[in-house]
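Following: one structure in structure tokens, then a few remarks.
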Amino acid sequence: MSGTDQDELELFRQMLEQSARAVVFTGAGISTESGIPDFRGPQGLWTKGGKSTNFDEWLASDEVRQRAWARRFTGDRVMEGAEPNKGHLAVAKLVVDGKVSAIITQNIDNLHQDSGVPAEKVIELHGNSSYAKCLTCQTRYEMADLEEQFKRIAHIDPCSRCGGIVKTATISFGQAMPLDEMERAQEHTLACDLFIVLGSSLVVYPAAGFPELAKRTGAKLVIVNDQETPLDPVADLVINRKIGPTMSFVVGIN
Ligand code: NAD
């Protein structure tokens with residue numbers, strides 16, 4: 001590690017020490033060290049040409065929906081076997097120690113909860129892919145039950161309670177953001193003195209508006225990402241390094 005690298009990590013450590021109330025904001029980059037590809041990093045799904053289904057297309061066609069379920073149950077299931085890495089564990093320690101009031105995440109992989117963070121401290125802006133919900137009455141469906149149904153009849157039926165469409169509990173492109181989560185994320189952002197971004201390209205809005213808001217309202221902004229982001233010029237500290245080793249050092253865990 002060069003002297004400069006060491007200096008920036010030490011500066012980050014001091015900023016954390018001086019903070020009375022910090023917020024951690026995570027993107028897909030924190031989970032690549034758990035083996036889950038991101039979208040826009042060098043090995044990202046989109047960098048390699050993949051694409052996501054838009055919510056309107058998905059709503060309009062049962063065929064599109066059933067194809068999406070087939071991909072879910074027969075395709076690449078890397079998210080399901082993934083475990084929290086050092087980055088998640090370091091963040092969990094900050095929450096447990098009372099340093100971080102909340103984690104605002106764009107991730108849908110449940111790894112913050114799996115690392116021991118109480119669910120009420122994780123604000124999921126883009127939902128969660130480990131279960132499903134009826135879009136009309138919000139009844140929750142477990143993935144194991146849906147998979148069993150899909151294997152039996154090659155179809156996911158409408159909601160057994162109200163007939164609504166059952167969807168993985170994620171927020172797709174074109175789908176409205178969850179109001180309660182947006183409000184809670186705003187409250188925590190306004191109340192923090194340090195806002196830490198870990199592994200986000202910061203190009204997806206409205207999520208990327210939170211670090212901007214934090215900076216505008218007087219918090220210090222730290223960005224840890226291995227590529228440049230559009231908010232680097234306004235950040236107080238930018239660390240272009242891997243999240244796991246960086247956070248382990250700064251939080252003091254191995
Ligand atoms: P993104 O793919 O746009 O950006 C991730 C950023 O993290 C990139 O700039 C990349 O260079 C950086 N990065 C990757 N691994 C890193 C590491 N180990 N250390 C430091 N930096 C690293 O991700 P985004 O900004 O979160 O936006 C993508 C959207 O995709 C989100 O809305 C999210 O819902 C969804 N998504 C989620 C997951 C997940 O839940 N794990 C995975 C893929 C996509």
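Just so you know, ligand 1 is whichever comes first in the structure, and atom 1 is the first atom listed for that ligand.
- With ring centers used as reference points, Phe25 lies under 6.0 Å from Phe195.
- At a heavy-atom cutoff of 4.0 Å, ligand 1 is contacted by the side chain of His126 but not by its backbone.
- In the vicinity of Phe39, heavy-atom distances shorter than 4.0 Å reach the ligand 1 atoms 2 (O), 28 (C), 29 (C), 30 (O), 35 (C), 43 (C), 44 (C).
- With a heavy-atom cut-off of 4.0 Å, Asp109 touches ligand 1 through backbone and side chain alike.
- At a heavy-atom cutoff of 4.0 Å, ligand 1 is contacted by the backbone of Pro37 but not by its side chain.
- In this structure a side-chain-to-backbone donor-acceptor pair under 3.5 Å is present from Lys99 to Ser19.
- For atom 15 (N) of ligand 1, the closest heavy atom belonging to the protein is Thr32 OG1, 2.7 Å.
- In this structure, atom 36 (N) of ligand 1 lies nearest to the protein heavy atom Ala28 CB, 4.0 Å.
- By the criterion of a heavy-atom distance under 4.0 Å, both the backbone and the side chain of Ile243 are placed next to ligand 1.
- Applying side-chain hydrogen bond (donor to acceptor under 3.5 Å, both in side chains) to Ser34 and the options Asn85, Asp109, Asp114 leaves one that passes, Asn85.
- Taking a cut-off of under 4.0 Å to the non-hydrogen atoms of Ser31, the atoms of ligand 1 that pass are 41 (N).
- Of the protein's non-hydrogen atoms, the one nearest atom 13 (N) of ligand 1 is Asp226 OD1, 3.3 Å.
- The single protein non-hydrogen atom nearest to atom 40 (O) of ligand 1 is Ile108 N, 2.8 Å, given as residue, atom name and distance.
- A salt bridge is defined here as a Lys NZ or Arg NE, NH1 or NH2 lying under 4.0 Å from an Asp or Glu carboxylate O, and Lys220 with Asp193 fails to meet this definition.
- Using a cutoff of 4.0 Å between basic side-chain nitrogens and carboxylate oxygens, Arg184 and Glu187 are not scored as salt-bridged.
- A salt bridge between Glu142 and Arg140 is present, with a side-chain N of the basic residue lying under 4.0 Å from a carboxylate O of the acidic one.
- Only the side chain of Glu33 comes within 4.0 Å of ligand 1, counting heavy atoms alone; its backbone N, CA, C and O stay farther away.
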